[in-house]
Enquirer: 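Got a structure for you, questions after.
Model, not experiment: these values are computed from the prediction.
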Protein chains: 2
Amino acid sequence: MEEQQVGSLHFQIDFSQPLYEQILDQARSAIAKGEIALGDKMPSVRELAQELRINPNTVMRAYQELERDGLTEKRRGQGTYVTTSPEHVASFRTALAAKYIDSFMEQMESLGLSWDDIEKYIHQKQAAQGGNG
Amino acid sequence: MEEQQVGSLHFQIDFSQPLYEQILDQARSAIAKGEIALGDKMPSVRELAQELRINPNTVMRAYQELERDGLTEKRRGQGTYVTTSPEHVASFRTALAAKYIDSFMEQMESLGLSWDDIEKYIHQKQAAQGGNG
DNA sequence: TAAGTGTATTAAGTGATATAATACACTTAA
DNA sequence: TTAAGTGTATTATATCACTTAATACACTTA
């Protein structure tokens with residue numbers, strides 16, 4: 001329900017998931033999709049906390065994970081910056097995609113659905129969407 | 001880590017997720033895949049709790065959700081039985097698959113990956129698996 | 001009547017999440 | 001030197017989801 005633009009980042013926060021996870025996911029997405037450029041400065045911990053009206057510790061938790069992902073670099077006293085390495089972003093994307101895909105395939109397997117079943121469903125859906133919007 | 005056979009049901013429980021969710025998922029899977037037949041009796045709440053060494057209330061929680069799914073019918077004083085309606089199982093499968101797929105597509109979108117990218121990855125992976133196991 | 005079902009209630013403990021308040025170390029610019 | 005803005009760390013507190021424990025009730029079957 002909560003929608004916020006902070007610098008070049010856009011956040012949409014609700015209570016369906018832990019706050020730090022939502023910040024993490026949405027920041028990851030923005031970097032992976034290039035919505036925030038390589039080398040750009042991220043909002044400061046305090047600024048983002050204030051804008052989103054949450055605790056700085058919660059933002060910190062998300063930012064620390066971003067750095068572990070290799071997506072950001074933190075410079076004490078200066079701020080948090082998006083990595084300048086396109087390779088880091090690319091390998092992060094690949095790794096996370098692989099994780100999502102594996103987990104998804106397990107879910108499908110648990111329902112007894114084959115890859116062919118899935119492809120049919122998706123193509124059907126894409127056809128429907130193509131006709132509507 | 002914990003592996004248990006209870007009647008025709010197989011459970012593999014760890015601490016990565018809530019216990020009731022694991023029981024729910026694995027029971028759903030067994031019914032969806034026909035590993036337990038339509039109309040068959042499920043383990044009783046107390047029996048399953050004892051076998052898995054967890055609290056009966058936790059099993060209850062999973063069983064109540066199974067009934068909401070339309071996958072089981074409970075008869076007071078007699079026990080819990082897998083539905084006799086193949087249509088119920090089919091529609092459950094379809095609904096849950098759609099939910100999983102939608103959520104998966106959102107994840108992929110958040111990484112900026114197209115459906116073509118995903119298909120390539122899967123086919124690559126299937127080729128690799130075909131050669132190994 | 002006894003044993004086995006599902007169900008409900010109350011109490012308690014644990015861990016993840018989030019907030020609050022405060023302090024420290026570092027960088028930059030006035 | 002100083003002040004303001006960075007990331008970081010610590011301690012305390014609160015809430016909620018999950019789980020356990022103990023107990024009791026209603027129903028069915030043998």
Enquirer: In this structure, how many angstroms lie between the C1' atom of dG5(D) and the CD atom of Glu47(A), rounded?
Expert: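 After rounding, the gap between these two atoms is 11 Å.
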Enquirer: From the options dA18(C), dG6(C), dT20(D), select the nucleotide whose nearest atom is closest to the side chain of Met60(B).
Expert: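 Given the options dA18(C), dG6(C), dT20(D), the side chain of Met60(B) is closest to dG6(C).
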Enquirer: When we call it a touch if two heavy atoms are under 4.0 Å apart, what does Arg46(A) touch: a base, just sugar-phosphate, or nothing?
Expert: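 Answer is base: heavy atoms of Arg46(A) come under 4.0 Å of a base.
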Enquirer: Given dT19(C), dT6(D), dC26(C), which nucleotide is nearest the side-chain atoms of Arg76(A)?
Expert: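 Selected nucleotide (nearest to the side chain): dC26(C).
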Enquirer: To the nearest Å, how far apart are Arg75(A) CZ and dG7(D) P?
Expert: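 It works out to 12 Å between those atoms.
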Enquirer: Hey, is CD on Gln5(B) packed in by over 12 heavy atoms from elsewhere, all under 6.0 Å?
Expert: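 Counting neighbours around CD of Gln5(B), more than 12 heavy atoms of other residues, nucleotides or ligands fall under 6.0 Å, so yes.
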Enquirer: Whole angstroms only, please: what is the CD-P distance between Gln64(B) and dT9(C)?
Expert: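 Going from CD in Gln64(B) over to P in dT9(C) covers 11 Å.
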Enquirer: Judged by each residue's nearest nucleotide on DNA chain C, which is more toward the 5′ side, Gly77(A) or Leu19(A)?
Expert: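 That would be Leu19(A).
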Enquirer: May I have the distance from Ile23(A) (atom CD1) to dT19(C) (atom C1'), rounded to whole angstrom?
Expert: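 To the nearest whole Å, that distance equals 13 Å.
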Enquirer: At under 4.0 Å, does any side-chain N or O of Tyr20(B) touch on OP1 or OP2 of dC18(D)?
Expert: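 Answer yes for this pair, as a side-chain N or O of Tyr20(B) is under 4.0 Å from OP1 or OP2.
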Enquirer: Before giving the answer on side chain to side chain donor-acceptor pair (under 3.5 Å), spell out for Asp116(A) and Ser114(A) the whole-Å C-alpha distance, their side-chain angles and the decisive distance to 0.1 Å.
Expert: CA-CA 5 Å; Asp116(A) 280 348; Ser114(A) 71; 5.1 Å; no
Enquirer: Tell me whether the side-chain N/O atoms of Ser44(B) come closer than 4.0 Å to OP1 or OP2 in dG4(C).
Expert: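 Ser44(B) to dG4(C) OP1/OP2: no side-chain N or O under 4.0 Å.
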Enquirer: Taking 4.0 Å as the cut-off, does a side-chain nitrogen or oxygen of Thr58(B) come that near to OP1 or OP2 on dC18(D)?
Expert: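 So the side-chain polar atoms of Thr58(B) never come under 4.0 Å of the phosphate oxygens OP1 or OP2 of dC18(D).
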Enquirer: Among the candidates dT20(D), dT8(D), dT19(C), find the nucleotide nearest to the side-chain atoms of Ile54(B).
Expert: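 Nearest to the side chain of Ile54(B) among the choices is dT20(D).
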Enquirer: Output yes when at least one side-chain N/O atom of Thr80(B) is less than 4.0 Å from OP1 or OP2 of dT5(C), else no.
Expert: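 No, outside the criterion.
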Enquirer: Is the cationic atom of Arg75(A) (NZ for Lys, CZ for Arg) positioned less than 6.0 Å from the six-membered ring centroid of Tyr81(A) and within 45 degrees of its normal?
Expert: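 Flagged: Arg75(A) positioned over aromatic ring of Tyr81(A).
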Enquirer: Starting the side chain at C-beta, find the nucleotide from dG6(C), dT19(D), dT17(C) nearest to Pro18(B).
Expert: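 Looking only at side-chain atoms, Pro18(B) lies closest to dT19(D).
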Enquirer: Let me spell it out: for each of Gln78(B) and Arg61(A), pick the nucleotide of DNA chain C with the closest heavy atom. Which residue's pick is nearer the 5' end?
Expert: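 Final value for this comparison: Gln78(B).
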Enquirer: Are the side chain of Glu3(A) and the backbone N or O of Phe11(A) linked by a donor-acceptor pair below 3.5 Å?
Expert: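 Side chain of Glu3(A) to backbone of Phe11(A), a donor-acceptor pair under 3.5 Å: no, none is there.
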Enquirer: Might you confirm whether atom NZ of Lys41(A) has over 12 heavy atoms from other residues, nucleotides or ligands at distances under 6.0 Å?
Expert: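 Yes, because the 6.0 Å sphere around NZ of Lys41(A) holds more than 12 heavy atoms from other groups.
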Enquirer: Taking a pair as Watson-Crick or G-U wobble with both distances under 3.5 Å, which nucleotide is matched to dA12(C)?
Expert: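 Answer to the pairing question: dT19(D), which forms a Watson-Crick or G-U pair with dA12(C).
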Enquirer: To the nearest Å, how far apart are Asn57(B) CG and dT5(C) P?
Expert: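 Checked: the CG to P distance equals 16 Å.
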Enquirer: For Gln17(B) and dC18(D), what is the distance between atoms CD and P respectively, to the nearest whole Å?
Expert: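 That distance rounds to 11 Å.
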Enquirer: Return the value, rounded to whole Å, for the distance between atom NZ of Lys74(B) and atom C1' of dG6(C).
Expert: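 One finds 7 Å between C1' of dG6(C) and NZ of Lys74(B), rounded.
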Enquirer: If we call it a pair only when both distances are under 3.5 Å in a Watson-Crick or G-U wobble match, what pairs with dA30(D)?
Expert: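 Because both required distances fall under 3.5 Å, dA30(D) counts as paired with dT1(C).
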Enquirer: Quick one: Leu52(A) CG to dA18(C) C1', roughly how many Å, whole number?
Expert: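 After rounding, the gap between these two atoms is 14 Å.
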Enquirer: Answer yes or no: side-chain N or O of Asn55(A) and base N or O of dA20(C) forming a donor-acceptor pair under 3.5 Å.
Expert: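 Answer yes: a donor N or O sits under 3.5 Å from an acceptor.
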Enquirer: If we only count heavy atoms from C-beta on, is the His10(B) to Gln4(B) side-chain gap below 4.5 Å?
Expert: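 Answer no - side chains too far apart.
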